[in-house]
**Q** 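Sharing a structure below in structure tokens format, with a few things to ask.
Proteins come first, then strands; the chains are lettered A, B, ... in the order of their sequence lines, and each starts at number 1.
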Amino acid sequence: MLDAKMIRANPEMVEAALQNRNMPGALQNFLKLDENRRSLLARVEEIKKFRNQASQEVGKLKKQGLNAEELMEKVRRVGDEIKELDEKIGQVETDIEKILLNIPNIPHSSVPVGEDENANVEMRRWGEPRQFDFAPLAHWDIGPNLDILDFERAAKLSGARFTVYKGWGARLERAVINFFLNIHTGQHGYQEIFPPFMVTADCMLGTGQLPKFAEDMFKIEGRDMYMVPTAEVPLTNLCREEILEEKDLPRYMTAYTACFRAEAGSHGRDTRGIIRQHQFNKVELVKITAADSSYEELEKLTHDAEEVLQLLELPYRVVLLSTGDMGFSSAKTYDLEVWMPSYNDYKEISSCSNCEDFQARRANIRYRPASKERIRYVHTLNGSGVAVGRTVAAILENYQQEDGSVVIPTALRPYMGGLLKIER
RNA sequence: GGAGAGAUGGCCGAGUAGGCUGAAGGCGCUCGCCUGCUAAGCGAGUAUACGGCUAAUACCUGUAUCGAGGGUUCGAAUCCCUCUCUCUCCGCCA
């Protein structure tokens with residue numbers, strides 16, 4: 001959520017930023033409503049001031065044994081007016097909030113301006129895509145061939161966009177989760193968290209999934225709760241409604257969770273394999289930082305995510321998303337894209353974002369600066385560290401052998417009981 | 001699921017026959033004094049949001065906030081109703 005005062009002071013700048021995010025006119029009625037609110041507020045507060053003073057007067061008169069009836073009657077009469085104005089203000093504030101909650105974050109000045117992913121900027125590449133001397137298979141063929149992925153039975157259990165992992169496949173998924181968590185906790189200084197997989201609507205509002213993207217989520221029937229679409233939601237909301245001390249910042253957290261997404265509107269995209277599922281595993285990185293260090297921390301966080309791909313020796317590139325391609329809450333985002341032979345292209349496997357104070361304002365996460373200045377909103381960052389299912393897919397494809405077997409990356413072997421390769 | 005207790009400021013904790021309590025006291029924190037270092041001691045200060053005034057996120061000023069929402073009243077942290085959460089006991093359960 002943007003700061004209303006900031007919008008009031010720079011409406012043209014905000015409008016221009018929204019245009020870059022393909023959301024022109026989102027601000028439309030805001031200024032009018034905002035002005036309306038302030039004038040109503042001025043009126044009602046004046047009347048309340050009168051009521052407060054008069055009520056005290058009544059108390060004094062009564063104490064002295066004097067008649068206060070006349071004054072009481074006067075106050076009684078303004079009561080209705082206050083009620084009426086308060087209701088109007090409540091309505092206006094609801095309208096303002098509706099607008100504010102649907103406005104995306106303002107992109108950082110270093111973000112390339114553009115309509116879509118074509119305006120993204122590649123920052124760097126790591127590793128060389130492997131040259132195969134045989135026709136490589138896609139993971140959706142490799143998996144069933146090795147009997148470690150079972151799409152048909154998954155459909156029997158749960159329908160489309162679900163996968164059953166079996167035997168060494170299930171073990172590989174678990175190995176990757178543990179490997180990621182160990183690296184981030186052991187080498188990058190993140191605290192491991194194991195959060196609930198269901199959260200309240202307030203949490204979803206806090207990180208920006210609601211109210212705009214309700215159709216992307218799985219809601220729990222009969223409850224005001226949702227399945228987490230990413231661990232970013234519970235991790236960031238851990239600090240909701242809290243005031244932190246600057247000396248305790250930055251705070252690094254990592255968590256494994258399953259993630260649940262309705263994938264509405266992505267019919268026909270990535271229909272084969274485990275790239276786009278209703279349920280997938282992810283290890284997430286979240287940072288809560290002071291306002292002045294978040295961009296530095298974004299670079300570090302991105303490198304933390306990159307490192308697990310390096311350790312697995314999976315070729316990838318880092319892309320800076322353009323204004324038109326960024327997520328709703330983000331001010332700046334780097335995507336990590338891993339090389340996928342089946343796509344003959346790089347495929348997103350991580351998204352690392354600095355949300356600045358956008359989520360903090362929604363979730364009311366603040367900190368007390370060490371310098372004793374006034375309380376400020378923290379900055380929140382999140383990044384996949386990284387998507388587990390897509391990592392498994394990348395391993396299967398990049399490490400496949402001509403005989404159909406798959407070599408286990410060296411770094412993962414200790415997590416696989418020393419297994420060197422999965423074969424039929 | 002049944003019975004009971006409770007939710008107050010960064011923390012702990014007062015405050016119910018409704019009024020001058022944004023809220024005692026303590027801790028913590030900040031600044032100053034004092035002390036050969038440390039500790040102790042002394043003094044002062046220390047909520048947030050939204051308005052008005054401002055160059056100001058500085059003063060000053062107004063309104064609101066004692067779990068949330070509603071009600072009674074001239075006036076509610078204090079009374080009434082609903083909800084949420086926490087704790088204790090019983091039951092059930094991986």
Side-chain angles (χ1 to χ4, degrees), chain A residues 1-10 30-97 99-101 194 196-206 220 222-226 234 237-249 251 288 290-292 356-357 360-379:
Chain A
M1 188 157 64
L2 301 181
D3 179 9
K5 271 184 275 190
M6 188 277 286
I7 300 176
R8 195 186 299 152
N10 316 283
F30 173 82
L31 292 175
K32 244 184 291 168
L33 286 167
D34 181 59
E35 200 178 315
N36 190 216
R37 167 175 174 271
R38 280 181 293 150
S39 77
L40 287 169
L41 218 47
R43 256 202 286 165
V44 79
E45 285 185 358
E46 198 169 329
I47 302 174
K48 282 181 177 174
K49 180 180 175 184
F50 163 74
R51 180 177 67 180
N52 288 344
Q53 289 174 343
S55 296
Q56 275 190 26
E57 196 59 32
V58 169
K60 277 182 202 159
L61 290 174
K62 285 198 165 178
K63 216 171 213 172
Q64 292 168 30
L66 298 172
N67 188 336
E69 262 314 315
E70 197 182 330
L71 194 51
M72 282 164 66
E73 180 53 35
K74 241 182 189 170
V75 179
R76 206 172 290 146
R77 259 180 280 135
V78 300
D80 293 338
E81 201 174 344
I82 289 177
K83 201 168 174 183
E84 202 178 305
L85 283 169
D86 271 344
E87 266 163 30
K88 262 189 205 164
I89 290 169
Q91 184 54 52
V92 172
E93 287 185 337
T94 304
D95 292 346
I96 290 176
E97 187 163 273
I99 293 174
L100 249 29
L101 285 176
F194 192 77
F197 289 11
M198 294 184 220
V199 296
T200 64
D202 286 338
C203 291
M204 292 298 224
L205 202 81
I220 311 299
R223 281 176 183 266
D224 203 17
M225 296 187 85
Y226 294 81
N237 278 285
L238 271 180
C239 302
R240 196 170 86 238
E241 311 287 342
E242 291 191 20
I243 299 174
L244 310 169
E245 296 294 335
E246 181 165 16
K247 67 173 162 55
D248 298 328
L249 302 177
R251 192 157 157 189
I288 310 288
D292 50 15
E356 296 189 4
D357 63 5
R361 185 170 279 110
R362 290 172 162 248
N364 201 23
I365 310 171
R366 295 171 295 175
Y367 73 103
R368 213 180 291 285
S371 56
K372 248 352 194 178
E373 302 155 26
R374 58 188 293 109
I375 286 173
R376 304 186 61 176
Y377 286 108
V378 300
H379 282 193

**Q** Nearest whole angstrom, please: distance from the C1' of G19(B) to the CE of Met72(A).
**A**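 The answer, rounded to whole Å, is 12 Å.
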**Q** Please tell me if the side chains of Leu101(A) and Met1(A) come closer than 4.5 Å, counting only heavy atoms from C-beta onward.
**A**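 Leu101(A) reaches Met1(A) side chain to side chain.
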**Q** Quick one: do Gln53(A) and Glu57(A) satisfy side-chain contact (heavy atoms from CB on, under 4.5 Å)? Show the steps, please.
**A** CA-CA 6 Å; Gln53(A) 289 174 343; Glu57(A) 196 59 32; over 6 Å; no
**Q** How many whole angstroms separate atom CZ of Arg366(A) from atom P of U48(B)?
**A**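 So the CZ-P distance, Arg366(A) to U48(B), works out to 8 Å.
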**Q** What are the two closest non-hydrogen atoms of Phe50(A) and Lys74(A), and how far apart are they?
**A**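 It is CZ-CD, 4.4 Å.
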**Q** Only pairs with both distances under 3.5 Å count, Watson-Crick or wobble alike; so what is the partner of A44(B) in this structure?
**A**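 By the stated definition (distances under 3.5 Å), U30(B) pairs with A44(B).
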**Q** Salt bridge check, Lys32(A) against Asp95(A): does any charged N sit closer than 4.0 Å to a carboxylate O?
**A**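 Salt bridge flag = no for Lys32(A) with Asp95(A).
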**Q** Given atom CZ of Arg368(A) and atom C1' of G10(B), what is their separation to the nearest angstrom?
**A**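 After rounding, the reported distance stands at 5 Å.
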**Q** Can you tell me, in whole Å, how much space there is between the C1' of G67(B) and that of A55(B)?
**A**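 It comes out at 40 Å once rounded to the nearest Å.
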**Q** Return no unless some side-chain N or O of Asn52(A) is found under 4.0 Å from OP1 or OP2 of U63(B).
**A**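 Affirmative; the distance criterion is met.
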**Q** Which nucleotide, G51(B), C20(B), G75(B), lies nearest any side-chain atom of Ser55(A)?
**A**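 Minimum distance to the Ser55(A) side chain belongs to G75(B).
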**Q** Under 4.0 Å between any heavy atoms, over every strand shown, what does Leu71(A) touch: base, sugar-phosphate, or nothing? Just pick one.
**A**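 Touches nothing.
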**Q** So, is Lys83(A) close to the G71(B) phosphate, meaning a side-chain N or O under 4.0 Å from OP1 or OP2?
**A**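 For G71(B), OP1/OP2 do have a side-chain N/O of Lys83(A) under 4.0 Å.
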**Q** In whole angstroms, how far is the P atom of C11(B) from the CD1 atom of Ile243(A)?
**A**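 To the nearest whole Å, that distance equals 8 Å.
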**Q** Where the side chain of Glu45(A) is concerned, which of A49(B), C50(B), C74(B) is the nearest nucleotide?
**A**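 Nearest to the side chain of Glu45(A) among the choices is C50(B).
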**Q** Nearest whole angstrom, please: distance from the P of C50(B) to the CG of Leu33(A).
**A**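 Interatomic distance, CG of Leu33(A) to P of C50(B): 18 Å.
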**Q** From the options G71(B), C50(B), G19(B), select the nucleotide whose nearest atom is closest to the side chain of Arg37(A).
**A**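 For the Arg37(A) side chain, the nearest candidate turns out to be C50(B).
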**Q** Give none if G91(B) has no partner; otherwise give the nucleotide forming a Watson-Crick or G-U wobble pair with it, both distances under 3.5 Å.
**A**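 Pairing partner, where one exists within any strand: none, as none qualifies.
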**Q** Give me the distance, rounded to whole Å, that separates G71(B) from G13(B) when you measure between the C1' atoms they each carry.
**A**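 Those two atoms are separated by 30 Å.
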**Q** Both distances below 3.5 Å, Watson-Crick or wobble geometry, any strand: find the nucleotide opposite U63(B).
**A**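 In the structure as shown, U63(B) has A49(B) as its Watson-Crick or wobble partner.
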**Q** Nearest to the side chain of Lys49(A), which nucleotide is it out of G62(B), C74(B), A49(B)?
**A**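 Looking only at heavy atoms from C-beta outward on Lys49(A), the closest nucleotide is G62(B).
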**Q** Can you tell if the side chain of Lys88(A) reaches within under 4.5 Å of the side chain of Val92(A), non-hydrogen atoms only?
**A**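 Not touching, per the 4.5 Å side-chain cut-off.
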**Q** Say you pick atom C1' in U65(B) and the same atom in G2(B); how far apart are they, in whole Å?
**A**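 Roughly 36 Å separates the two C1' atoms.
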**Q** Can you check the Glu245(A) CD to C11(B) P distance for me, whole Å?
**A**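 Atom-to-atom, Glu245(A) to C11(B), this comes out as 10 Å.
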**Q** Looking only at atom C1', what distance separates G6(B) and C83(B), rounded to whole Å?
**A**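 Those two atoms are separated by 16 Å.
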**Q** Taking the side chain of Arg76(A) as heavy atoms from C-beta outward, which of C74(B), C20(B), U63(B) is closest to it?
**A**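 Nearest to the side-chain atoms of Arg76(A), counting from C-beta on, is C74(B).
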**Q** Can you name the closest pair of heavy atoms from Ile47(A) and Leu85(A) and give their distance?
**A**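 Shortest heavy-atom separation between Ile47(A) and Leu85(A) comes out as CD1-CD1, 3.8 Å.
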**Q** So which one's nearest nucleotide on RNA chain B is more toward 5', Glu46(A) or Val58(A)?
**A**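 Going by which nucleotide is closer to the 5' end, it is Glu46(A).
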**Q** Which nucleotide, if any, forms a Watson-Crick or G-U wobble pair with G25(B), using both distances under 3.5 Å?
**A**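 When the pairing criteria are applied, C12(B) turns out to be the nucleotide that pairs with G25(B).
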**Q** Using the P atoms only, state how far A17(B) lies from G70(B), rounded to an integer number of Å.
**A**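 The answer is 27 Å between these two P atoms.
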**Q** In the structure shown, which nucleotide is the Watson-Crick or G-U wobble counterpart of U84(B), with both distances under 3.5 Å?
**A**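 When the pairing criteria are applied, A7(B) turns out to be the nucleotide that pairs with U84(B).
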**Q** List, with names and distances, any nitrogen or oxygen atoms from the protein found under 3.5 Å away from nitrogen or oxygen atoms belonging to nucleotides 52-59 of chain B.
**A**
{"from": "G52(B)", "atom 1": "OP1", "to": "Arg38(A)", "atom 2": "NH1", "distance (Å)": "3.2"}
{"from": "U57(B)", "atom 1": "O2'", "to": "Arg374(A)", "atom 2": "NE", "distance (Å)": "3.3"}

**Q** Given the P atoms of A47(B) and U30(B), what is the spacing between them in whole Å?
**A**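 So the two P atoms sit 15 Å from each other.
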**Q** Would you measure the distance from the P atom in C60(B) across to the matching atom in G45(B) and give it in whole Å?
**A**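 Here C60(B) and G45(B) have their P atoms 14 Å from each other.
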**Q** In whole angstrom, give the distance that lies between atom CD1 of Ile365(A) and atom P of G10(B).
**A**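 Taking CD1 of Ile365(A) and P of G10(B), I get 16 Å after rounding.
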**Q** In whole Å, what separates the P atom of C66(B) from that of U8(B)?
**A**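 It works out to 12 Å between them.
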**Q** For Arg51(A) and G62(B), what is the distance between atoms CZ and P respectively, to the nearest whole Å?
**A**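 So the two atoms are 16 Å apart, to the nearest Å.
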**Q** Using a heavy-atom cut-off of under 4.0 Å over every strand shown, decide if Lys5(A) touches base, sugar-phosphate, or nothing.
**A**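 The answer is sugar-phosphate, as Lys5(A) gets under 4.0 Å only of primed atoms, P, OP1 or OP2.
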